[in-house]
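For reference, the structure is listed below as structure tokens.
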Protein chains: 2
Amino acid sequence: MKRLTKVEEQIMQVIWKSERCLVRDIIDSLGDPKTPHSTISSVVRILEKKGYVGHKAYGRTYEYFPLIAKEDYFKQTIKGLVKDYFGGSVQRLVSFLAKENELDMSELSEIIQEIDKIEKEEQDD
Amino acid sequence: MKRLTKVEEQIMQVIWKSERCLVRDIIDSLGDPKTPHSTISSVVRILEKKGYVGHKAYGRTYEYFPLIAKEDYFKQTIKGLVKDYFGGSVQRLVSFLAKENELDMSELSEIIQEIDKIEKEEQDD
DNA sequence: ACCCCATAACGTAAAAATACGCTATAAAAT
DNA sequence: ATTTTATAGCGTATTTTTACGTTATGGGGT
């Protein structure tokens, strides 16, 4: 799973978001100034070559869809970051975020409650 | 602060880690197969042009040092990721990590205790 | 049936990243 | 002092990324 470049990732975000995705939809989603159709098409073809997207043809019209889930790509990305910046410890990452005031106590409590609930539900099965 | 490419980031990791950093040190840190001196030197010069590193010359020998802190680079990276993948909510990121079993209850508790302690210390001032 | 429009694909250009051979030079070894 | 070794920098080659002009074609409108 090769790492995406900036433009490639922007386009993947659009493809992940939409159900039905033509090149035109990507252009519209990216906002102004409008990038030429051929430029987007070119990147999408590279994404297909890299295995990130597939397509279904309706005549000349191609509908693109993700082959790699957004969640999976994110997981691998964050895993790499945690490895490089926190020696592989997710705990250290979260601790860092809390110290940087990106996350406060009440939010942490909420998460604990949420997880608690899920674990209780699992016990019920 | 331009985003680093794969090789650039690998080299920055070495520069961030070491006190005194010559091109030779980078080559040694990167392990086998040894990349040619001129290749590393080339990337380091690009990093300097991008404002990530500076150098101090000792005759012909250059000692490189970071101009952008590892922590700052990480902060901007994670901020971008949280924006793209969790609508800007750090809480959602941490919740995701917990659900993915990357983080368990006891670790979350430890973090809360840690933050608690820091907040108490701040009160004492 | 014919014309127009939107689209994909191709080829390629331009820019950026990656890679390295070579030269000059400073410092160390002899 | 001379030779050897390690270094930075330059120039350039290769590959990848980003960008787009152009062409061909399928489908819709008339």
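Residue numbers begin at 1 in each chain, while the letters A, B, ... track the order of the sequences. Model, not experiment: these values are computed from the prediction. Every heavy atom of this structure was used, including side-chain atoms; hydrogens, water molecules and symmetry mates were not.
One atom, NZ of A/Lys56, and another, P of C/dT7, lie 18 Å apart when rounded to the nearest Å. The CD atom of B/Gln10 sits 13 Å away from the C1' atom of C/dA17 (whole-angstrom rounding). Regarding A/Arg60, its CZ atom lies at a distance of 11 Å from the P atom of D/dA24, rounded to whole Å. One interatomic measurement links the two molecules: OH of B/Tyr62 to C1' of D/dA6, which rounds to 15 Å at whole-angstrom precision. One can place CG of A/Asp25 at 10 Å from P of C/dA8, the figure rounded to the nearest angstrom. Spacing between atom CD of B/Glu63 and atom P of C/dA26 amounts to 19 Å, rounded to whole angstrom units.
With contacts defined as side-chain heavy-atom distances shorter than 4.5 Å, the pair B/Lys79/B/Lys83 does not qualify. Side-chain contact between B/Asp116 and A/Met105 is present, with heavy atoms from C-beta onward closer than 4.5 Å.
For the pair A/Tyr58 and D/dG27, the criterion of a side-chain N or O lying under 4.0 Å from OP1 or OP2 is not met. One finds no side-chain N or O of A/His37 lying less than 4.0 angstrom from the OP1 or OP2 phosphate oxygen of C/dA6.
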Give every pair of a protein N or O atom and an N or O atom of nucleotides 16-21 of chain D that lie under 3.5 Å apart, one pair per line with the distance.
unit_1: D/dT17; atom_1: OP1; unit_2: A/Lys2; atom_2: NZ; d: 3.2
unit_1: D/dT17; atom_1: OP1; unit_2: A/Lys50; atom_2: NZ; d: 3.4
unit_1: D/dT18; atom_1: OP1; unit_2: A/Thr5; atom_2: OG1; d: 3.4
unit_1: D/dT18; atom_1: OP2; unit_2: A/Thr5; atom_2: OG1; d: 2.3
unit_1: D/dA19; atom_1: N6; unit_2: A/Ser42; atom_2: OG; d: 3.1
unit_1: D/dC20; atom_1: OP2; unit_2: A/Thr39; atom_2: OG1; d: 3.4
unit_1: D/dC20; atom_1: N4; unit_2: A/Ser38; atom_2: O; d: 3.4
unit_1: D/dG21; atom_1: N7; unit_2: A/Ser38; atom_2: OG; d: 3.1
unit_1: D/dG21; atom_1: O6; unit_2: A/Ser38; atom_2: OG; d: 3.4

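Classification of the B/Tyr52-B/Tyr73 ring pair by plane angle, with boundaries at 30° and 60°, yields perpendicular. B/Phe96 and A/Phe74 have perpendicular rings, their planes meeting at more than 60° on a 0 to 90° scale where under 30° would count as parallel.
Among the protein residues, B/Tyr64 comes within range of the sugar-phosphate backbone only, with heavy atoms under 4.0 Å from sugar or phosphate atoms but none that close to a base.
Between B/Arg3 and A/Glu9 there is a salt bridge, since a side-chain N of the basic residue sits under 4.0 Å from a carboxylate O of the acidic one. A salt bridge does not link B/Lys120 with B/Asp124: none of the charged nitrogens is closer than 4.0 Å to a carboxylate oxygen.
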